Amino acid sequence: MMSENVAVIGVGHSKFGTRKDVNIAELCWESMKPAFESANLEPKDIEFFVVSNAGMWSSEAAVPALMAEYADLAPKGSMRVEAACASGSAAVRVGYTAVKSGMADIVLVLGVEKMQESPNPNVIELIGRFGSYFWEFENFGLTFPAYYALHGTAYMMKYGATEEDYAKVAVKNHYYGAKNPYAQFQREIDVETVMKSPYVAWPFKLFDCSPITDGSACIILASEEKVKELGIDEKIWILGQGVGTGTANLSRREEFSSLASATYAAEQAYKMAGIDIDDPTKYLDGANVHDCFTAPEIIAYEDLRFCKRGEGYKLIREEQTYIGGKIPVNVDGGLKAKGHPIGATGVSQAVEAYKQLLQKAEPGRQADINKGRWLAHNVGGTGHYSYVTIYGLEKR
Ligand code: COA
């Protein structure tokens with residue numbers, strides 16, 4: 001039966017970082033086990049499961065089959081999805097549409113990556129293929145720090161933001177990462193740490209970049225009817241989701257100080273969730289945005305309309321995206337400090353929405369929950385794919 005509303009009824013998260021201590025199945029189970037426990041379900045209850053895994057750098061290509069065997073999910077249906085760094089949100093979308101359409105009542109969504117199975121230069125080269133392969137990557141050697149540096153530079157030139165403004169994003173995200181036991185980097189830094197770190201691609205230095213990460217995250221989705229039948233108290237609802245696609249070649253884009261696909265996805269998500277697009281922060285208790293580098297976090301503030309165009313850097317300058325400010329952003333450490341295991345990131349954002357809205361976040365990083373809504377913004381490539389998802393305590 002079609003389900004108007006879809007709930008997240010269980011979540012789990014592995015420790016992100018260098019995970020040479022586990023194989024990929026064990027890494028998946030590290031987040032699946034707590035997800036089953038929090039939903040009070042067992043593998044036999046799952047009707048369909050989706051695995052987000054870009055996977056070019058790791059050995060197991062058939063992670064759904066691997067986990068069907070390891071976690072006793074066989075012979076249930078499954079699918080592996082990939083949408084570059086937005087793979088996790090693409091998996092959430094597949095799970096969401098499966099439940100909403102009535103194809104399944106309980107769906108498990110898993111995101112996993114074991115990037116450190118390959119040497120960094122290989123990983124960086126493979127990520128580079130998420131842009132435009134033949135023209136920009138193969139001809140000009142653009143890898144992701146350089147791709148996003150073009151956006152970061154354009155934004156600085158247009159609006160007058162500085163490298164120090166970008167550094168402040170990293171300082172905030174490390175501040176909250178230090179309070180998140182699942183984060184790759186659990187230490188605070190200051191602006192000087194960022195400014196003194198070596199350049200990767202101007203204006204980005206080492207501490208402006210997200211790292212290369214192993215990790216997994218898992219959520220369990222259920223239909224409205226199942227939520228009722230199982231008497232689930234602890235849950236959040238998916239209120240809206242937008243998705244956009246950008247051009248492969250950056251040279252085909254008119255504008256570098258925003259991402260058209262993200263702007264489009266945000267408009268769709270706000271409309272679906274009944275949020276006033278002119279003032280979304282009035283409706284949101286906080287957000288996770290795709291800070292694969294520092295500048296894109298600031299660009300995201302604007303694409304999501306947390307402020308006017310050209311004023312995003314002022315939000316971080318004035319500490320308005322800390323808890324207690326206009327809208328807390330990435331209070332789990334973001335990609336910068338929590339880590340960015342590509343396939344797991346979008347699912348990890350859903351886990352964070354659940355923890356924040358149900359006030360289960362660790363001390364020092366729990367936002368005030370008054371409005372009952374949390375936003376997740378997840379970008380693949382440099383806006384090649386964008387997903388914006390809005391989660392809420394009350395269904396639509
Ligand atoms: N922030 C802070 N410190 C970092 C870091 C980061 N992003 N990445 C690595 N480090 C630290 C390591 O912990 C290590 O410290 P140590 O010497 O004290 O142990 C040191 O820097 C060297 O680490 P290493 O992994 O060898 O770095 P690297 O130079 O090979 O790679 C980057 C660094 C930034 C180039 C790489 O992490 C990168 O390409 N990141 C972006 C990934 C990406 O594009 N993702 C997709 C985005 S859409």
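Remember, it's a predicted structure, so these values are computed and weren't measured experimentally. When a ligand or atom number is given, it counts from 1 through the structure's own listing order.
- At least one N/O-N/O distance between Cys209 and ligand 1 falls below 3.5 Å.
- Of all the heavy atoms of Val123, none lies under 4.0 Å from any atom of ligand 1, so neither backbone nor side chain is involved.
- Of all heavy-atom pairs spanning Tyr354 and Lys235, the tightest one is CE1-CA, 4.3 Å.
- Residue contacts with ligand 1: His340 is placed with no nitrogen or oxygen under 3.5 Å of a nitrogen or oxygen of the ligand (distance criterion only).
- Under the 4.0 angstrom criterion, atom 12 (C) of ligand 1 counts as lacking any protein heavy-atom contact.
- Distance check on atom 3 (N) of ligand 1: some protein heavy atom falls below the 4.0 Å cut-off.
- At least one protein heavy atom sits closer than 4.0 Å to atom 46 (C) of ligand 1.
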Side chain to side chain donor-acceptor pair (under 3.5 Å), that's the test. Do Gln366 and Gln359 meet it? Break it down for me.
CA-CA 7 Å; Gln366 173 65 58; Gln359 307 199 45; 4.7 Å; no
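- One finds the OG atom of Ser258 at 5.0 Å from the CG atom of Asp303 (value rounded to the nearest 0.5 Å).
- Residue Tyr182 places its OH atom among 12 or fewer non-hydrogen atoms of other residues, nucleotides or ligands, all under 6.0 Å distant.
- When only non-hydrogen protein atoms are considered, atom 36 (C) of ligand 1 lies nearest to Ile212 CD1, 3.9 Å.
- Contact annotation for atom 19 (O) of ligand 1: protein absent (non-hydrogen atoms, distance under 4.0 Å).
- With ligand atoms numbered from 1 in the order given, ligand 1 contributes 7 (N), 37 (O), 40 (N), 41 (C), 42 (C) to contacts under 4.0 Å with heavy atoms of Ser210.
- Counting atoms of ligand 1 from 1 in the listed order, those under 4.0 Å from a heavy atom of Ile124 are 35 (C), 39 (O).
- The two atoms that bring Phe16 and Thr213 nearest to each other are CB-CG2, 3.8 Å, heavy atoms only.
- Remark: Asp105 does not engage Lys226 in a salt bridge, criterion side-chain N to carboxylate O under 4.0 Å.
- By the 4.0 Å N-to-carboxylate-O rule, Glu164 lies too far from Arg317 to be salt-bridged with it.
- Closest of all the heavy-atom pairs between Tyr385 and Ala83 is CD1-O, 3.5 Å.
- On a distance-only criterion, Lys336 and ligand 1 share at least one N/O pair closer than 3.5 Å.
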What do the steps show when you test Lys20 against Glu117 for salt bridge (charged side-chain N to carboxylate O under 4.0 Å, His left out), and what is the final call?
CA-CA 8 Å; Lys20 298 212 158 75; Glu117 271 190 24; over 6 Å; no
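- Side-chain contact between Gln241 and Ile390: absent, with no pair of heavy atoms (C-beta onward) separated by less than 4.5 Å.
- Contacts between Cys85 and ligand 1, counted as non-hydrogen atom pairs separated by less than 4.0 Å, involve the side chain only.
- With salt bridges taken as basic N to acidic carboxylate O contacts below 4.0 Å, one links Glu362 and Lys355.
- Atom 44 (O) of ligand 1 has as its closest protein heavy atom Phe144 CB, 3.5 Å.
- Per-residue contacts place Cys292 under 4.0 angstrom from the following atoms of ligand 1 (heavy atoms of the residue considered): 47 (C), 48 (S).
- Less than 4.0 angstrom separates atom 24 (P) of ligand 1 from at least one non-hydrogen atom of the protein.
- Heavy atoms from other residues, nucleotides or ligands lying under 6.0 Å from CE of Met195 number more than 12.
- A cation-pi arrangement is present between Lys179 and Tyr175 under the rule of less than 6.0 angstrom and at most 45 degrees off the ring axis.
- Looking only at protein heavy atoms, the nearest one to atom 30 (O) of ligand 1 is Asn120 ND2, 2.7 Å.
- Within a 4.0 Å radius of atom 16 (P) of ligand 1, the protein has no heavy atom.
- Protein heavy atom nearest atom 43 (C) of ligand 1, with residue, atom name and distance: Ile127 CD1, 3.7 Å.
- When non-hydrogen atoms are compared, ligand 1 lies under 4.0 Å from the side chain of Phe185 (C-beta onward) but not from its backbone.
- Within the structure, ligand 1 lacks Tyr147 among the residues with a heavy atom less than 4.0 angstrom away.
- Using a 4.0 Å threshold on non-hydrogen atoms, atom 39 (O) of ligand 1 counts as touching the protein.
- Nearest protein heavy-atom neighbour of atom 8 (N) of ligand 1: Leu206 CD1, 3.8 Å.
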